[in-house]
Amino acid sequence: MTDDLIPIPTLAANAADALPAGGLAAQLATAEREGRPLRIKLGVDPTSADIHLGHCVVLGKLREFQDAGHTAVFIIGDYTARVGDPSQRSKARPSVSAEEIDANAKTYVEQAMRILDPERTEVRFNGEWLGSMKMDDLFGLVSRSTIARLLERDDFAKRYAANEAITMLELLYPLLQGYDSVAIDADVEIGGTDQLYNLLMGRDIMPSYGKPAQTVMTMPILVGTDGTDKMSKSLGNYIGVTDEPADMFGKTMSIPDEAMPEWFRLASGLGHAEREAAITKLTNGELAPNEAKRLLGRSVVARFHGAEAGVAAEQHFNTVFKSKEVPDDIPEIAFGEVPVNEDGRVFLPGMLVEHMGVASGSEARRLLQQGSVRIDGEALDPATLELDPAQLSGVVLQVGKRRFLRIAADA
RNA sequence: GGAGGUGUGCCCGAGUGGCUAAAGGGGGCGGGCUGUAAACCCGCUGGCUAUGCCUACGAUGGUUCGAAUCCAUCCGCCUCCA
């Protein structure tokens, strides 16, 4: 990854790979000499609206390039989203409607700008060139590859071997994505390691369109909060960029210790030197695991909500989980909002569903039976289904460890 | 055009006529423990103001006292041969 003559200090430091060897270094040197920023491509498919820490790995890398003076070309695959990237489809590919795609694209860009520098970002939609592509051009494009070449791709090969369906459309996907690089004159393309094949396809076809082949950089895939699977919304092991600070911190605390180094490198948002220092200290015992994880949690929160929010989130965590006390910043309702039935009593399952985010009355009954409903810290008798409203005046109602509701006193 | 496979709860997956709100696992939730919303242990896990009632095994319609299980038709998904 590093050239003997031209070292790349940090841009490739946490990357999984940068191809071809020395390619990036040469480009950086040329850019420097000519005073021209490189065009760094990142393509995303807006198949889901919200982005999470996993997406932020590549976005963060893109930001690093921006900070080094280069131009980010952020491609929204509004057109390719209709095809569906096969690498994201191990089983059923959720088909997304055009309206959804547009809506997703909007929030996606919005959220990505929390990481990227808008001043140095060019946002493009690939429908711009793919949507108007003529049959002739498409034929020209598809003739640049072969079935054998496409089937080299690992997940195609696996699915083919496992007798799973591969549609023609999916087969086309890498070519379309590769064409994006032609359309926007990419110098470098960034993506997750799962995108390697697609990135290389862009590199492959560019010369035949008379463009210099892009170099590619892949970033490792971030594991989710469970520490095993790739972070994804559908697995529920994610931290969303719009999550509340307390949630971000808590979810970070829940990752397995073994995942910490990787999270420092890919998710913390810390600079190269800082994150490596933390990992070293963690490894040699200078930094206790608990402290390391707290640092990680603060860093993650700080990345999206600012440093003070990171500290506050840690304090909130201490209150709720260490001292098991009621935090200050909890939702509150007026006494009049407490639902009362014809007999003038409070039906607890209804109350919990209405105000505490419990999924159903049956679920609420279960929680009551398990003794997880508390009033001012005191567990309710499992048999209790109804209460006198007066018993809820000016109390804190709690379900489980982290759902709280303050009820104002009766006036 | 022909042959075959398959469709079960959030997911995977057992179940070939009653004991099935449906084994087992995962996930989730709750409790305990803990530096931790980790690991581990235990419990719960369709809905309904509820000692009962309703809905549920791709869909519809049948057979039967009784169906996820049998029959018919249809729909979806997958593979192979041509």
Side-chain angles (χ1 to χ4, degrees), chain A residues 89-95 158-167 170 223-240 243-263 282 285-298 300-301 313-324 327 339-354 356-374 377-387 398-404:
Chain A
R89 186 218 143 140
S90 47
K91 28 187 158 168
R93 166 172 37 93
S95 66
K158 278 195 186 123
R159 281 164 59 191
Y160 194 69
N163 283 349
E164 282 173 33
I166 301 170
T167 67
E170 289 178 88
V223 294
T225 51
D226 56 6
T228 46
D229 289 316
K230 151 183 181 176
M231 181 175 285
S232 88
K233 194 173 183 181
S234 55
L235 290 176
N237 60 359
Y238 71 103
I239 296 181
D243 278 0
E244 292 300 313
D247 252 7
M248 283 189 174
F249 191 88
K251 284 180 180 175
T252 305
M253 288 304 282
S254 82
I255 70 168
D257 289 358
E258 310 81 71
M260 278 199 278
E262 194 188 336
W263 273 54
L282 173 63
E286 229 179 291
L287 189 61
N290 184 34
E291 284 310 312
K293 205 178 274 180
R294 283 164 180 275
L295 168 61
L296 185 60
R298 286 195 303 272
V300 169
V301 176
E314 182 175 15
Q315 276 160 5
H316 179 273
F317 185 87
N318 287 341
T319 308
V320 177
F321 297 103
K322 261 191 111 178
S323 343
K324 306 204 172 172
V340 178
N341 62 19
E342 314 84 65
D343 308 326
R345 312 264 300 163
V346 180
F347 182 61
L348 271 170
M351 171 78 193
L352 297 184
V353 170
E354 195 171 329
M356 312 266 324
V358 174
S360 69
S362 299
E363 173 75 12
R365 282 166 192 256
R366 262 176 243 128
L367 289 165
L368 283 161
Q369 255 155 31
Q370 292 180 127
S372 63
V373 178
R374 298 183 182 82
E378 287 292 311
L380 272 173
D381 183 279
T384 315
L385 280 181
E386 290 190 343
L387 286 178
Q398 182 179 357
V399 177
K401 284 182 180 124
R402 43 186 164 128
R403 274 176 286 188
F404 297 94

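Order of the sequence lines sets the chain letters (A, B, ...), proteins ahead of strands, with each chain counted from 1.
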When all nucleic acid strands are considered with a 4.0 Å heavy-atom cut-off, which category describes [X]: base, sugar-phosphate, or nothing?
X        : answer
A:Asn237 : nothing
A:Phe317 : base
A:Gly400 : sugar-phosphate

Who pairs with A:Glu262 by side-chain hydrogen bond (donor to acceptor under 3.5 Å, both in side chains), at least two apart in sequence or on another chain?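 Testing A:Glu262 for side-chain hydrogen bond (donor to acceptor under 3.5 Å, both in side chains), a comparison that skips the adjacent residues, returns none.
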State which residues pass side-chain hydrogen bond (donor to acceptor under 3.5 Å, both in side chains) with A:Asn341; sequence neighbours excluded, sorted by chain then number.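 Once residues adjacent in sequence are excluded, the partners of A:Asn341 under the side-chain hydrogen bond (donor to acceptor under 3.5 Å, both in side chains) criterion are A:Glu386.
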Please state the [atom1] separation for the pair [N] and [M] - nearest whole angstrom.
N     : M     : atom1 : result
B:C57 : B:C65 : P     : 23 Å
B:C53 : B:A3  : C1'   : 48 Å
B:G52 : B:U6  : C1'   : 39 Å
B:U8  : B:U69 : P     : 14 Å

[N]: pairing nucleotide in any strand, Watson-Crick or G-U under 3.5 angstrom:
N     : value
B:G1  : B:C81
B:G7  : B:C75
B:G43 : B:C29
B:A56 : none

Can you find a donor-acceptor pair, distance only, under 3.5 Å between A:Asn318 side chain and B:G35 base?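 Looking at the base of B:G35, it does not pair with any donor or acceptor on the side chain of A:Asn318 (distance under 3.5 Å).
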Send over the distance from [X] [atom1] to [N] [atom2], rounded to a whole Å.
X        : N     : atom1 : atom2 : result
A:Arg403 : B:G31 : CZ    : P     : 9 Å
A:Asp229 : B:C12 : CG    : P     : 15 Å
A:Phe321 : B:G35 : CZ    : P     : 16 Å
A:Phe249 : B:A38 : CZ    : C1'   : 14 Å
A:Met260 : B:U36 : CE    : P     : 14 Å
A:Gln369 : B:U45 : CD    : P     : 9 Å
A:Gln315 : B:U36 : CD    : C1'   : 17 Å
A:Ile239 : B:A37 : CD1   : P     : 15 Å

Between CG of A:Leu387 and CZ of A:Phe347, what distance do you get to the nearest 0.5 Å?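 The CG atom of A:Leu387 sits 11.0 Å away from the CZ atom of A:Phe347.
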Rounded distance [0.5 Å steps], CD1 in A:Ile239 versus OG1 in A:Thr252: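 Answer for the CD1-OG1 pair, A:Ile239 versus A:Thr252, is 3.5 Å.
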Checking A:Glu378 side chain against A:Leu380 main chain: does a donor-acceptor pair fall under 3.5 Å?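 Here the side-chain-to-backbone pair does not exist.
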Would B:U73 be called syn or anti here, given the cut-off of 90° from 0?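 Base orientation relative to the sugar is anti.
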Taking 4.0 Å as the cut-off, does a side-chain nitrogen or oxygen of A:Arg374 come that near to OP1 or OP2 on B:G31?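 For B:G31, OP1 or OP2 has a side-chain N or O of A:Arg374 closer than 4.0 Å.
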Could you list all N or O pairs between the protein and nucleotides 21-23 of chain B that sit under 3.5 Å apart?
none

Could you go through residues 253-261 of chain A and list every donor-acceptor pair under 3.5 Å that involves a side-chain atom there, pairing it with any protein atom two or more places apart or in another chain?
unit_1	atom_1	unit_2	atom_2	d
A:Ser254	OG	A:Lys251	O	2.8
A:Asp257	OD1	A:Lys293	NZ	2.8

Proximity to RNA chain B (any heavy atom under 4.0 Å), residues of residues 285-294 of chain A only: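 Those residues whose heavy atoms fall under 4.0 Å from RNA chain B, taken from residues 285-294 of chain A in numerical order, are A:Pro289, A:Asn290, A:Lys293.
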Sub-3.5 Å pairs of nitrogen or oxygen atoms, protein against nucleotides 48-55 of chain B:
unit_1	atom_1	unit_2	atom_2	d
B:C48	OP1	A:Gly361	N	3.1
B:C48	OP2	A:Gly361	N	3.1
B:C48	OP2	A:Ser362	N	2.7
B:C48	OP2	A:Ser362	OG	2.9
B:U49	O4	A:Asn341	ND2	3.3
B:A50	N6	A:Arg365	NE	3.0
B:A50	N1	A:Arg365	NE	3.0

